[in-house]
Amino acid sequence: MADINLVTANKVNVVESIEQLTLPAAEAITAGMGMRLDTINGKFTKANASAAGEARVKWIAVKSVSTGEPVTGIKRGVLDGYDLSGMDYDADVFLSDTDGRLADAAGTVSTKIGRVLPGPSTTLGTAFDKLLLVDL
């Protein structure tokens, strides 16, 4: 399993947002990270696939924030900014065992985030971009 890197600095490019939510961050969160609801304080915190309680990912952060700052999470939509070049179109994307990170294979608790989607808005005759279709 390899973690997927974000190639855009401190933000995810939202191509389409179908469902989203904005809440304060319970801890520092980096753009592109998987987030879950902290059941104690009602804020966003990082999710990971190391245990069932941690793997309750429901949103992807669209920007980097410090503790206490508001952050918008995408629950359903299309995102750009990840390095998906090593993955096939329609490949599944998972939550990683590493806090907040996404991966190309399942972690300890298999938690699917979405899949790789072709983005045909490139120059004619070149390969499509690879976008992340989030469906949590």
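Sequence positions, counted from 1, serve as the residue numbers for this chain. Quick caveat: nothing in here was measured; it's all calculated off a predicted structure.
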Worksheet item: Can you check side chain to side chain contact (heavy atoms under 4.5 Å, CB included) on Met87 and Ile4, steps first, answer last?
Response: CA-CA 10 Å; Met87 298 180 71; Ile4 297 171; 3.8 Å; yes
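The minimum heavy-atom distance between Ser110 and Phe94, with the atom names listed, is OG-CE2, 3.8 Å. Shortest non-hydrogen contact noted between Leu6 and Ala31 is CD2-O, 3.2 Å. Residues Ala26 and Asn41 approach most closely at CB-ND2, 3.8 Å, considering heavy atoms. The two residues Thr22 and Pro70 make their nearest non-hydrogen contact at CG2-CB, 4.1 Å. What you find for Ala49 and Ala55 is that their closest heavy atoms are CA-CB, 4.1 Å.
No continuous path of hydrophobic side-chain contacts links Val71 to Ile74 [ILVMFWY only; heavy atoms under 4.5 Å]. At a threshold of 4.5 Å between side-chain heavy atoms, the hydrophobic network of Ile, Leu, Val, Met, Phe, Trp and Tyr places Val134 and Phe128 in one connected group. Follow the hydrophobic side-chain contacts under 4.5 Å out from Ile18 and you never reach Val93; the two are in separate clusters. Hydrophobic clustering (ILVMFWY, side-chain heavy atoms < 4.5 Å, transitive): Leu95 and Leu132 are in one cluster.
Formation of a donor-acceptor pair under 3.5 Å by the Thr8 side chain with backbone atoms of Lys11 is found in this model. Side-chain N or O atoms of Tyr82 include none that pairs as donor or acceptor with a backbone N or O of Val12 at under 3.5 Å. A donor-acceptor contact shorter than 3.5 Å is absent between the side chain of Glu54 and the backbone of Ala51.
At least one side-chain heavy atom of Leu117 sits less than 4.5 Å from a side-chain heavy atom of Val78. Leu131 places none of its side-chain heavy atoms less than 4.5 Å from the side chain of Val116. A 4.5 Å side-chain heavy-atom check between Leu102 and Asp3 finds every atom pair outside the cut-off. Counting only heavy atoms from C-beta outward, the side chains of Thr45 and Met35 never approach each other to under 4.5 Å. You'll find the side chain of Leu79 reaches within 4.5 Å of the side chain of Val14, heavy atoms only. You'll find the side chain of Phe44 stays beyond 4.5 Å of the side chain of Pro24, heavy atoms only. The shortest side-chain heavy-atom distance between Thr72 and Leu21 does not fall under the 4.5 Å cut-off. Annotation: side chain of Leu23 is in contact with side chain of Leu37 (closest heavy-atom distance under 4.5 Å).
In this structure, CZ on Arg36 lies 11.5 Å from NZ on Lys46, to the nearest 0.5 angstrom. Atom NZ of Lys75 sits about 12.0 Å away from atom OG of Ser17, to the nearest 0.5 Å.
Residue pairs satisfying the side chain to side chain donor-acceptor pair (under 3.5 Å) criterion with at least one member in residues 55-65, sequence neighbours excluded, are listed as follows: Asn10-Ser64.
The closest side-chain donor-acceptor pair between Thr108 and Asp97 falls under 3.5 angstrom. A donor and an acceptor atom, one from each side chain of Asp99 and Asn48, are located under 3.5 Å apart. Checking Glu27 against Thr67 by side-chain atom types alone, no donor-acceptor pair falls below 3.5 Å.
Between Asp92 and Arg115, none of the side-chain N atoms (NZ, or NE/NH1/NH2) sits under 4.0 Å from a carboxylate O, so this pair counts as no salt bridge. Using a 4.0 Å cut-off between a side-chain N of Lys or Arg and a carboxylate O of Asp or Glu, Asp38 and Lys43 do not qualify as a salt bridge.
A search for side-chain hydrogen bond (donor to acceptor under 3.5 Å, both in side chains) contacts involving Asp88 returns nothing, not counting sequence neighbours. With sequence neighbours excluded, the residues that form a side chain to side chain contact (heavy atoms under 4.5 Å, CB included) with Ala2 are Asp104.
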